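Note that the coordinates shown come from a computational prediction; the quantities given were computed from them, not determined experimentally. Note: hydrogens, waters and symmetry copies are ignored here, and every other heavy atom, side chains too, is used. Each chain gets a letter, A, B and so on, in the order its sequence line appears, and its residues count up from 1.
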Amino acid sequence: MPPKRASLKRKISHCDETNEQDVLESVGKTKKKSVTKAEKNNTTKSFPREKSTSKPSACASQSYKHCFNDLQSSPNQTSSWDGVRNYQARNFLRDQMKPGQDVFFYHSNCKEPGIVGICQVVKEGYPDHTQFDSKNPHFDSSSQKDNPKWFMVDVKLVRPLKRFISLAELKGLHQEHLKSGGPLQKLGLFTRPRLSVQPITDEEWSYILELENKDA
DNA sequence: GCCAACGTTGGC
DNA sequence: GCCAACGTTGGC
């Protein structure tokens, strides 16, 4: 069964300005060069290429506490994606995100929201342990261990995008494509606002990937 | 099962 | 910090 693609939009609502800074500085560290403010929004590290033999699919995810730098600094650049507490997002995450799928990492809730990188699903949906932890912000007292409500997946960083693709840019294209019938006319980011885990079609995926090689 | 009230998300 | 767009809750 061929791996599928998923667009994964990761929330960083608990990343305040400082954390956002940390995120980007961490990128800089990884790159072993200093990063100017301007460059920071242009995440330009080239990592090993992602494999990309895929079919379209749907998926997305949210997490409050995970930022892009978490992923980069995690062992194996892999981390679990916990904290999804929306049923629609949960269903995408649990039922459609499968190992091997590529995923876009979207930064939201920050000064400049946009896509910053590519990840890959490495472990399919399994119960999110934070729902049972009363000290965790995502604790859900209504969830029972023998029948967990919430799930998470593990994702591995594939690479940052060659350049940051902002929400503003995507929105502009989306609006153009609404008139022209272009590939981003139904992009989940705009047709399912606020949903943190969203499907992406193969066509959308390829189109957005191409943007990487163009000027903003 | 409806729906008003309320809470949350996330762009701006 | 504001507010629109949702989602969830709970009374009925």
In whole angstrom, give the distance that lies between atom [atom1] of [X] and atom [atom2] of [N].
{"X": "A:Asn109", "N": "B:dT9", "atom1": "CG", "atom2": "P", "value": "9 Å"}
{"X": "A:Arg192", "N": "B:dT9", "atom1": "CZ", "atom2": "P", "value": "19 Å"}
{"X": "A:Gln88", "N": "C:dA5", "atom1": "CD", "atom2": "P", "value": "17 Å"}
{"X": "A:Arg194", "N": "B:dT8", "atom1": "CZ", "atom2": "P", "value": "12 Å"}
{"X": "A:Trp150", "N": "C:dG7", "atom1": "CH2", "atom2": "P", "value": "12 Å"}
{"X": "A:Phe190", "N": "B:dG11", "atom1": "CZ", "atom2": "P", "value": "9 Å"}
{"X": "A:His138", "N": "B:dT8", "atom1": "NE2", "atom2": "C1'", "value": "13 Å"}
{"X": "A:Gln175", "N": "B:dG11", "atom1": "CD", "atom2": "P", "value": "15 Å"}

From C:dA5, C:dG7, B:dG11, nucleotide with atom closest to A:Pro193 side chain: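 Looking only at side-chain atoms, A:Pro193 lies closest to C:dA5.
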Return no unless some side-chain N or O of A:Tyr87 is found under 4.0 Å from OP1 or OP2 of C:dT9. no
Is the phosphate of B:dG11 approached by A:Lys171 (side-chain N or O, under 4.0 Å from OP1 or OP2)?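 No, no such contact exists.
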A:Thr130 and side-chain hydrogen bond (donor to acceptor under 3.5 Å, both in side chains): which partner among A:Arg85, A:Lys135, A:His138? A:Arg85
If you group Ile, Leu, Val, Met, Phe, Trp and Tyr by side-chain heavy-atom gaps below 4.5 Å, do A:Val122 and A:Phe105 land in one group? no
Could you tell me if the side chain of A:Asp82 sits less than 4.5 Å from the side chain of A:Trp150, heavy atoms only? no
Look at A:Arg90 together with A:Asp95 and state whether they make a salt bridge at an N to O cut-off of under 4.0 Å.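 Judged by the 4.0 Å cut-off on N to carboxylate O distance, A:Arg90 and A:Asp95 do not form a salt bridge.
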